[in-house]
Amino acid sequence: MKTFLHLFVVVFALSLGLPSAAQEAGTDTVPAASVTPTLEDILRRQEGLKVDDSARAELTGQEVDPSAASESPLGTLGGASDSDLWRALRFDEGDITTQSRSPAAGVLVQDSGMAWLQFRQGPLIQYGGYLLLGTIALLAVFFLIRGRIRIDGPITGQKILRFTNWERFGHWMLAGSFIVLGITGLISLMGRKFLIPAFGHEAFSTIAIASKWVHNNISWAFMIALVMIFVMWVVHNLPDRTDLNWILKGGGIFSKGHPPAKKFNAGQKLIFWSVIVFGVSISVSGLSLLFPFEINLFAPTFAKLNALGVPGWFGMAPLPTDLAPHQEMQLSQLWHAIVSFGLMAIILAHIYIGSIGMEGAFDAMGDGEVEVAWAKEHHSIWADEVLSEKAQGKESATPAE
């Protein structure tokens with residue numbers, strides 16, 4: 001799991017254009033011949049390629065005697081030119097004094113903002129949209145081919161309790177809050193591109209402000225519900241030997257008959273752990289966006305990866321660890337959106353199976369009771385245990401003659 005997480009973070013860093021060792025070696029970088037940007041430098045920047053700015057970064061005017069004559073060609077700035085000043089601001093070397101004492105007050109220019117904006121407006125929206133639309137399309141094709149999974153045995157009307165009211169409350173609070181968060185998150189991410197042309201700037205402004213307020217506040221319900229379902233169901237979602245058999249037989253989705261399963265089968269366990277792992281990641285990155293100056297995720301994470309030598313495994317230079325609050329928020333926002341897209345695709349499949357995809361499945365979270373025939377087909381081990389306990393309870397309640 002750690003290897004996968006490290007790989008994911010490194011790929012994530014690569015996608016944002018962080019410097020690699022290969023680039024610094026000169027394969028993708030043209031060292032600046034002088035401090036004056038050349039046409040080649042400009043063209044490479046437009047193509048998103050790395051350009052060596054080290055020579056220009058050193059010319060910030062900080063080492064020049066500030067008492068230089070004001071009548072000099074550089075004017076009242078003394079020995080520092082306007083170009084020096086802007087370079088100092090760009091490379092975070094400027095001597096900035098502000099009335100505000102917030103951590104971000106002294107950062108006036110930061111290069112990573114453009115890379116964040118381009119990734120957010122381009123690949124993130126494009127591939128995230130493809131993922132959601134592709135998932136819906138695949139589910140539609142599967143439904144046309146397989147149809148609804150019906151209960152094979154006779155429906156007797158006899159039912160058993162599958163989920164208590166408390167379990168269903170936790171599930172629906174998690175599901176409802178996630179749907180609202182998904183919709184408002186997509187509005188915040190894609191609204192400028194798709195809603196402004198349709199409704200105009202003023203209408204979108206109202207929608208965007210409302211979406212942000214709802215998104216920030218509903219997030220607390222999502223985090224509380226995430227803890228609830230973990231506490232209630234983690235014991236039932238631990239892997240066991242029945243899961244391998246269920247996976248090998250495809251859960252009976254593609255054939256007649258269903259492999260034995262306990263309260264949760266292997267497919268449901270995968271959904272559960274996806275929700276927990278992805279949900280925790282979304283929650284932590286969301287908290288870092290709500291409290292950007294108190295919770296910083298990427299600088300300490302990059303430092304640990306550098307200490308383990310992970311970037312070197314992929315031919316990369318050490319990951320940056322001196323990140324401004326703006327950069328922390330940008331990376332958190334991208335991570336937050338990427339993981340959310342993945343979880344939304346998984347939940348779409350879960351919604352499909354729990355509604356039109358399988359007969360009798362919705363009853364489990366509808367009124368909490370399921371048809372005995374359905375329980376025996378999909379969760380035979382669990383059904384036998386419940387029916388056995390029910391029978392023993394009736395026998396113990398029968399008065400002796």
Side-chain angles (χ1 to χ4, degrees), residues 139 142-143 146-179 225-226 228-276 346-397:
L139 293 173
F142 179 78
F143 181 76
R146 177 65 172 85
R148 196 177 197 196
I149 301 173
R150 300 287 182 179
I151 299 175
D152 295 332
I155 299 177
T156 63
Q158 182 184 1
K159 293 192 173 185
I160 57 176
L161 180 66
R162 178 143 175 82
F163 295 115
T164 64
N165 291 338
W166 186 246
E167 287 177 305
R168 289 187 293 118
F169 172 77
H171 170 272
W172 285 117
M173 184 164 74
L174 185 71
S177 60
F178 183 73
I179 290 173
L226 194 66
M228 288 178 61
I229 68 161
F230 178 80
V231 172
M232 291 187 296
W233 292 338
V234 64
V235 173
H236 301 291
N237 281 278
L238 297 176
D240 57 60
R241 59 187 178 184
T242 63
D243 298 330
L244 181 60
N245 181 49
W246 191 94
I247 293 173
L248 292 175
K249 294 186 177 180
I253 294 177
F254 303 98
S255 60
K256 286 286 185 180
H258 302 278
K262 297 183 179 180
K263 183 166 185 176
F264 295 107
N265 58 42
Q268 292 169 321
K269 290 178 181 180
L270 288 173
I271 295 290
F272 174 83
W273 287 111
S274 296
V275 169
I276 295 299
I346 294 171
I347 294 304
L348 284 173
H350 177 62
I351 292 173
Y352 165 79
I353 290 293
S355 55
I356 63 173
M358 180 181 292
E359 182 182 13
F362 182 79
D363 295 340
M365 281 300 169
D367 56 17
E369 295 185 334
V370 294
E371 174 71 30
V372 170
W374 181 90
K376 288 184 175 181
E377 289 179 15
H378 297 281
H379 302 273
S380 58
I381 299 175
W382 169 79
D384 291 341
E385 291 175 354
V386 173
L387 292 172
S388 176
E389 292 175 1
K390 195 173 182 181
Q392 291 176 3
K394 286 183 177 180
E395 289 177 3
S396 62

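Values below: all heavy atoms of this structure, side chains included; hydrogens, waters and symmetry mates excluded.
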Checklist entry - Okay, side chain of Asp363, backbone of Gly366: is any donor-acceptor separation there less than 3.5 Å? => result no
Checklist entry - Sequence neighbours excluded, which residues qualify as side-chain contact (heavy atoms from CB on, under 4.5 Å) partners of Ile353? => result Met358
Item to check | side chain to side chain donor-acceptor pair (under 3.5 Å) partners for Ser388, two or more places apart | outcome: none
Checklist entry - Can you tell if the side chain of His350 reaches within under 4.5 Å of the side chain of Val275, non-hydrogen atoms only? => result no
Item to check | Minimum heavy-atom distance between Pro154 and Ala373, given as atom pair plus value | outcome: O-CB, 3.6 Å
Next on the checklist: Side chains of Phe272 and Ile276, heavy atoms from C-beta outward: is any pair under 4.5 Å?
Outcome noted: yes
Checklist entry - Are any of the side-chain heavy atoms of Trp166 and Met232 separated by less than 4.5 Å? => result yes
Next on the checklist: Restricting to ring pair (Phe, Tyr, Trp, His ring centres under 6.0 Å), what partner residues turn up for Trp233, sequence neighbours left out?
Outcome noted: Phe163, Phe264
Checklist entry - Can you name the residues that form a side-chain contact (heavy atoms from CB on, under 4.5 Å) with Phe362, not counting sequence neighbours? => result Trp172
Next on the checklist: To the closest 0.5 Å, what do you measure between CG (Asn265) and CG (Asn237)?
Outcome noted: 9.5 Å
Checklist entry - Could you give all pairs that pass the salt bridge (charged side-chain N to carboxylate O under 4.0 Å, His left out) test and reach residues 264-274, with sequence neighbours left out? => result Asp240-Lys269, Asp243-Lys269
Item to check | Closest heavy-atom pair and its distance - Ala225, Gly170 | outcome: CB-O, 3.8 Å
Next on the checklist: Is it true that, when you exclude Phe230 itself, more than 12 heavy atoms of the residues, nucleotides or ligands shown sit nearer than 6.0 Å to its CZ?
Outcome noted: no
Next on the checklist: Under the rule for ring pair (Phe, Tyr, Trp, His ring centres under 6.0 Å), what residues qualify as partners of His258, not counting sequence neighbours?
Outcome noted: His378
Item to check | Atom pair CZ (Phe143) and CD1 (Ile149), whose distance is rounded to the nearest 0.5 Å | outcome: 10.5 Å
Next on the checklist: Between Leu161 and Val386, is there a side-chain heavy-atom distance shorter than 4.5 Å?
Outcome noted: no
Checklist entry - Considering residues at least two apart in sequence or located in another chain, which fulfil the side-chain contact (heavy atoms from CB on, under 4.5 Å) criterion with Leu270? => result none
Checklist outcome for this item: Sorted by chain and residue number, the side-chain contact (heavy atoms from CB on, under 4.5 Å) partners of Val372 (sequence neighbours excluded) come out as Gln158, Ile160, Lys376, Leu387
Item to check | Reported CG-to-CG distance for the pair Leu226 and Leu174, which is rounded to 0.5 angstrom | outcome: 6.0 Å
Item to check | Under 3.5 Å donor-acceptor, Ser380 side chain and Glu377 backbone | outcome: no
Checklist entry - Where is the tightest heavy-atom contact between Ile271 and Ile346, given as atom of each residue plus distance? => result CD1-CG2, 3.6 Å
Do any side-chain atoms of residues 245-253 form donor-acceptor pairs under 3.5 angstrom with protein atoms, and if so which ones, sequence neighbours left out?
none

Item to check | Residue pairs involving residues 164-177 (criterion salt bridge (charged side-chain N to carboxylate O under 4.0 Å, His left out); sequence neighbours excluded) | outcome: Glu167-Lys263
Checklist entry - Nearest 0.5 Å, what's the CD1-CD distance between Ile151 and Glu359? => result 4.5 Å
Item to check | Contacts of type salt bridge (Lys or Arg N to Asp or Glu O under 4.0 Å), residue Asp152, not counting sequence neighbours | outcome: Lys256
Item to check | Under 3.5 Å: donor-acceptor pair, side chain of Glu371, backbone of Gly157 | outcome: yes
Item to check | Residues in ring pair (Phe, Tyr, Trp, His ring centres under 6.0 Å) contact with His379, at least two apart in sequence or another chain | outcome: Trp374
